[in-house]
Protein chains: 2
Amino acid sequence: MSSITPRETAPPHRAGPETSAVPTRWLDDEQQNAWRANAAIMIRLPAALDARMQTEAGLTYFEYMVLSSLSEAEDHTMRMSALAARTSSSLPRLLQVAGRLEKRGLLQRSRVPGSGRRTNATLTDAGYAKVVEAAPRHVVAVREYFIDVLEPGDLAALGRIGAAVGVAIDQNTPGLGAADPPAPASD
Amino acid sequence: MSSITPRETAPPHRAGPETSAVPTRWLDDEQQNAWRANAAIMIRLPAALDARMQTEAGLTYFEYMVLSSLSEAEDHTMRMSALAARTSSSLPRLLQVAGRLEKRGLLQRSRVPGSGRRTNATLTDAGYAKVVEAAPRHVVAVREYFIDVLEPGDLAALGRIGAAVGVAIDQNTPGLGAADPPAPASD
DNA sequence: ATCGACTTGTTCACGCGTTAAGTACGAGGT
DNA sequence: ACCTCGTACTTAACGCGTGAACAAGTCGAT
């Protein structure tokens, strides 16, 4: 069942416009299986985590990442651009979310006087309390959906795979804004 | 570097509101590493694939999934709801995209006379040609970003993991609309 | 034959993320 | 002193996805 491309019909396409010389290395069954499994994770896991955070803590998964990142930082404070990088988001996206969180009193922005146009975001007490409340539930969800269903070796494999995929994307994708070198994904 | 929750500060939260009795099993370093790696994949891989399909074939990744699914079906035809299930999307989302694709002449809709309000979507010749053109490029991208960076054992591990995570999500998430039993992720 | 319940597809209003333009600040040159 | 350039943040316009009504059929019961 399933194939990454039209299957019986795949060989018949003997030519993409310019790929005529290169035969196209279609995926074999095991590869297709791995890819489909991964695709399913990519689609469903974020949705599931989002739903949980939403109902259990009234936060988007992304909002949680923002607050959580701040809670880990010195003085619960980070520059906007650094926060954006850490949460793998664009600046405008972060700005919008930060605005919302600020209205809800979970976060506060303040310009850094001496240095250009820099702005700091700081967690308020209410914001920190929110993180403290949400964090354990988040861990529970991550365990249920992910960590606790893995077998021993899988943990290490995942780490390797993630790193390798990250590098591959950096190398082969011109327009992808990874701001900082080590690459953040946060959580 | 990094933690899924405030770290030095994590132990101090000895109580989430109701979790007071349950100590919260925080993630150890290897678990955090695996989770962060996976989170990075979830965020960046779809974006990267989307960008590629967009520039190389003028299709969204999702649009490609729709067309590709049709190309695999009997007579290049599927019912709308079946298509939605196969592409892991909501019906409204599929409808909108189908409308767009129809305007572009890649797809055609037609009511099934005898049976309720059912509608079939059929790939046009142009639509099939589009799939034929896009498929090889898609495989190349999937290989670059994913398949070809894996080590031998990883393929099997991924398959296992994907299945396990899928089951976990199905079990622990009330409101997730997986329409069909086997669960589609398609591509 | 008619009514009601169910299924399936469609439309609409809203919110979020993205891209592109705009604004404020400091630094370095002339 | 001024001008310009680069950086960092902000705002605005647009498109897409989601969820909630809505419409159009069919089937079964009375």
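The figures that follow rest on heavy atoms only: side chains count, while hydrogens, waters and symmetry mates do not. The sequence lines fix the lettering, A, B, ..., with proteins before strands; numbering per chain opens at 1.
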CA sep, side-chain torsions, deciding dist, call: A:N38, A:W35, side-chain contact (heavy atoms from CB on, under 4.5 Å)
CA-CA 5 Å; A:N38 187 69; A:W35 171 243; 3.8 Å; yes
In chain order, what residues pass the salt bridge (charged side-chain N to carboxylate O under 4.0 Å, His left out) check against A:E151, with sequence neighbours excluded?
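Salt bridge (charged side-chain N to carboxylate O under 4.0 Å, His left out) check on A:E151 returns B:R160.
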By salt bridge (charged side-chain N to carboxylate O under 4.0 Å, His left out), which residues pair with B:R104, not counting sequence neighbours?
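Checked B:R104 against salt bridge (charged side-chain N to carboxylate O under 4.0 Å, His left out); matches are B:E63.
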So does [Y] get a backbone contact from the side chain of [X], meaning a donor-acceptor N/O pair under 3.5 Å?
X	Y	answer
B:T124	B:G105	yes
A:R137	A:E56	yes
A:R143	B:R25	yes

Sequence-distant partners of A:N120, side-chain contact (heavy atoms from CB on, under 4.5 Å), two or more places apart
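Partners of A:N120 under the side-chain contact (heavy atoms from CB on, under 4.5 Å) test: A:T77, A:R79, A:S110, A:V112.
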Would you say A:Q108 has more than 12 foreign heavy atoms packed within less than 6.0 Å of its CD?
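No, because the 6.0 Å sphere around CD of A:Q108 holds 12 heavy atoms or fewer from other groups.
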What is the 5' to 3' range of DNA chain C, first to last nucleotide, that sits under 4.0 Å from any heavy atom of chain B?
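Listing 5' to 3', DNA chain C meets chain B from C:dT8 to C:dT11.
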Ring-plane angle category for A:Y64 and A:H138, please: parallel below 30°, perpendicular beyond 60°, tilted otherwise.
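It falls in the tilted class, 30° to 60°.
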Which residue lies toward the 5' end of DNA chain C, B:R111 or A:T60, if each is placed at its nearest nucleotide?
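Here B:R111 is the residue nearer the 5' end.
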Approximate separation, where rounding is to 0.5 Å, of A:I161 CD1 and B:D154 CG:
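If I round to the nearest 0.5 Å, the distance is 4.0 Å.
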Terminal contacting nucleotides, 5' and 3', DNA chain D versus chain B (heavy atom, 4.0 Å):
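Range of nucleotides touched by chain B: D:dC16 to D:dT26.
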For the helix from C:dA1-D:dT30 to C:dT30-D:dA1, measure the angle between the helix axis at one end and the axis at the other, each built from five pairs, rounding to 10°.
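Result, rounded to 10 degrees: 10°.
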